[in-house]
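Scroll down for the structure; my scribbles are underneath it.
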Amino acid sequence: MSTTVEYSKTGHLATITLNRPEVLNAMNLRMHEELAEIWDDFERDDEIWVGVLTGAGDRAFSVGQDLKELAAREDAGVAKPSTFGSRGRPGWPRLTERFGLTKPLVARVRGYALGGGFELALACDLIIAADDARFGLPEARLGLVAGAGGVFRLSRQLPVRTALGHLMTGRQLGARRAHELGLVNEVVPAAELDDCVGSWVGDLLTCAPLAVRAVKQAVLTSLDLSVEQAFATRYPCEEIRMHSEDAREGPRAFAEKRSPRWQAR
């Protein structure tokens, strides 16, 4: 049976590939169901430390919701009105609502990342883009809203007026402009994209996985706190890291002038 998502593991790395290139990796209900199972496995597999999310082919990361499927469901009278979030729909909780996911995710973007595709990228921790990447949230042009977090994440990751300009008009961002605005970590020619992603993944895997998770959780949890409140807050991942063997292994390896051997516990 064919699959709408490819999921592979190599060492401590998991690669998740949206696999409907013939429709620019548009996300149908089946894809959401498959992704839910993948995210469950990604979270619970202790041997996986880092994930890369990408799209098959060279034309698109993903253009978001499969609007032809949505129109057909509406014509059949089985589509329910939708708003923010995916509760009660296939694949819940989707990546955009897995707020407790602490493992780092890298979005590898070629071509279009539109609508829900852009929202998936915004939910990742790093975005590495080819210079042909195009980002946008065109929902308002279709009578919709960016309900998978685009309204909320874009307005937090950009100046509010800049975010509103793109949310209310559907205007797209080129890769270079997205990088200038801080939405993208690095932009490279398409031929160099895999090497660039590999470099970032290599750096992530060099670090202690528990430390990386503690950093991610502390940053995302404290965004709306004062610095004083942030210091006083307890972070579960940091509690684990500070009492872990990895916290002892790092300084020991430095003193012994060798590479650390992380145990992730």
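When reading the values below, keep in mind they use all heavy atoms of this one structure, side chains included, and skip hydrogens, waters and symmetry mates.
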Looking at every non-hydrogen atom in both residues, tell me the closest pair between [X] and [Y] and how far apart they are.
{"X": "R89", "Y": "S82", "value": "NH1-CB, 3.8 Å"}
{"X": "A130", "Y": "R110", "value": "CB-CG, 3.8 Å"}
{"X": "L137", "Y": "E119", "value": "CD2-CG, 3.9 Å"}
{"X": "E69", "Y": "L29", "value": "OE1-N, 3.1 Å"}
{"X": "S155", "Y": "A163", "value": "CA-CB, 3.6 Å"}
{"X": "A264", "Y": "L210", "value": "C-CD1, 3.7 Å"}

Nearest-0.5 Å distance that lies between atom [atom1] in [X] and atom [atom2] in [Y]:
{"X": "W39", "Y": "L53", "atom1": "CH2", "atom2": "CG", "value": "5.0 Å"}
{"X": "Q65", "Y": "N28", "atom1": "CD", "atom2": "CG", "value": "10.0 Å"}
{"X": "L126", "Y": "L204", "atom1": "CG", "atom2": "CG", "value": "6.0 Å"}
{"X": "Q157", "Y": "I127", "atom1": "CD", "atom2": "CD1", "value": "7.0 Å"}
{"X": "T96", "Y": "L120", "atom1": "OG1", "atom2": "CG", "value": "6.5 Å"}
{"X": "T221", "Y": "R234", "atom1": "OG1", "atom2": "CZ", "value": "13.5 Å"}

In terms of heavy-atom contacts, does [atom1] of [X] have more than 12 from other residues, nucleotides or ligands at under 6.0 Å?
{"X": "R258", "atom1": "CZ", "value": "yes"}
{"X": "K68", "atom1": "NZ", "value": "no"}
{"X": "D224", "atom1": "CG", "value": "no"}
{"X": "R248", "atom1": "CZ", "value": "yes"}
{"X": "E239", "atom1": "CD", "value": "yes"}

Hydrophobic cluster of W92, others only, ordered by chain and residue number, side-chain cut-off 4.5 Å |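 Reading the cluster by chain and number, W92 sits alone, since nothing else belongs.
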Hydrophobic side-chain clustering at under 4.5 Å (ILVMFWY, transitive links): who's grouped with F231? Put none if nobody.
-> V227
Describe, in one word, how the ring planes of H12 and W49 are oriented to each other, choosing from parallel (under 30°), tilted (30 to 60°) and perpendicular (over 60°).
->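 Because their plane-to-plane angle is under 30°, the rings of H12 and W49 count as parallel.
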Going by atom types only, do [X] and [Y] share a side-chain donor-acceptor pair under 3.5 Å?
{"X": "R213", "Y": "T102", "result": "no"}
{"X": "D41", "Y": "Y7", "result": "yes"}
{"X": "T4", "Y": "E34", "result": "yes"}
{"X": "E186", "Y": "W200", "result": "yes"}

Taking the basic N atoms (NZ, or NE/NH1/NH2) and the acidic carboxylate oxygens, is any pair closer than 4.0 Å for [X] and [Y]?
{"X": "K103", "Y": "E43", "result": "no"}
{"X": "D246", "Y": "R241", "result": "no"}
{"X": "R252", "Y": "E256", "result": "no"}
{"X": "R59", "Y": "E22", "result": "no"}
{"X": "R98", "Y": "D40", "result": "yes"}

F84 and F152 aromatic centres sub-6.0 Å |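 That pair passes the under 6.0 Å test.
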L181: partners by side chain to side chain contact (heavy atoms under 4.5 Å, CB included), with sequence neighbours left out |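 Counting only residues at least two positions away or on another chain, L181 forms a side chain to side chain contact (heavy atoms under 4.5 Å, CB included) with L158, T162, L173, R177.
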Counting distance only, does the side-chain N/O of [X] pair as donor-acceptor with the main-chain N or O of [Y] below 3.5 Å?
{"X": "D131", "Y": "V187", "answer": "no"}
{"X": "N185", "Y": "I128", "answer": "no"}
{"X": "S244", "Y": "A247", "answer": "yes"}
{"X": "Q217", "Y": "C237", "answer": "yes"}
{"X": "N19", "Y": "A56", "answer": "no"}
{"X": "S199", "Y": "D195", "answer": "no"}
{"X": "T54", "Y": "R108", "answer": "yes"}
{"X": "N25", "Y": "R20", "answer": "yes"}

Is it true that [X] and [Y] fall in one hydrophobic cluster, defined by side-chain heavy atoms closer than 4.5 Å?
{"X": "L24", "Y": "L114", "answer": "yes"}
{"X": "L95", "Y": "M27", "answer": "yes"}
{"X": "V109", "Y": "I16", "answer": "yes"}
{"X": "I38", "Y": "L101", "answer": "yes"}
{"X": "V151", "Y": "L183", "answer": "yes"}

Should L35 and M31 be marked as a side chain to side chain contact (heavy atoms under 4.5 Å, CB included) after you check the CA-CA gap, both sets of side-chain angles, and the distance that decides it?
-> CA-CA 6 Å; L35 281 169; M31 179 181 283; 3.9 Å; yes
Counting C-beta onward and ignoring hydrogens, is there a side-chain heavy-atom pair between [X] and [Y] closer than 4.5 Å?
{"X": "L142", "Y": "L67", "result": "yes"}
{"X": "E249", "Y": "Q263", "result": "no"}
{"X": "F42", "Y": "L105", "result": "yes"}
{"X": "F118", "Y": "L154", "result": "yes"}

Given side chain to side chain contact (heavy atoms under 4.5 Å, CB included), test V5 with T17 step by step and report yes or no.
-> CA-CA 6 Å; V5 187; T17 304; 5.8 Å; no
Would you please test V184 and F135 for side chain to side chain contact (heavy atoms under 4.5 Å, CB included) and show each step?
-> CA-CA 10 Å; V184 171; F135 301 91; 3.9 Å; yes
Might you work through the side chain to side chain contact (heavy atoms under 4.5 Å, CB included) test for S62 and Y112, ending with a clear yes or no?
-> CA-CA 6 Å; S62 172; Y112 294 111; over 6 Å; no
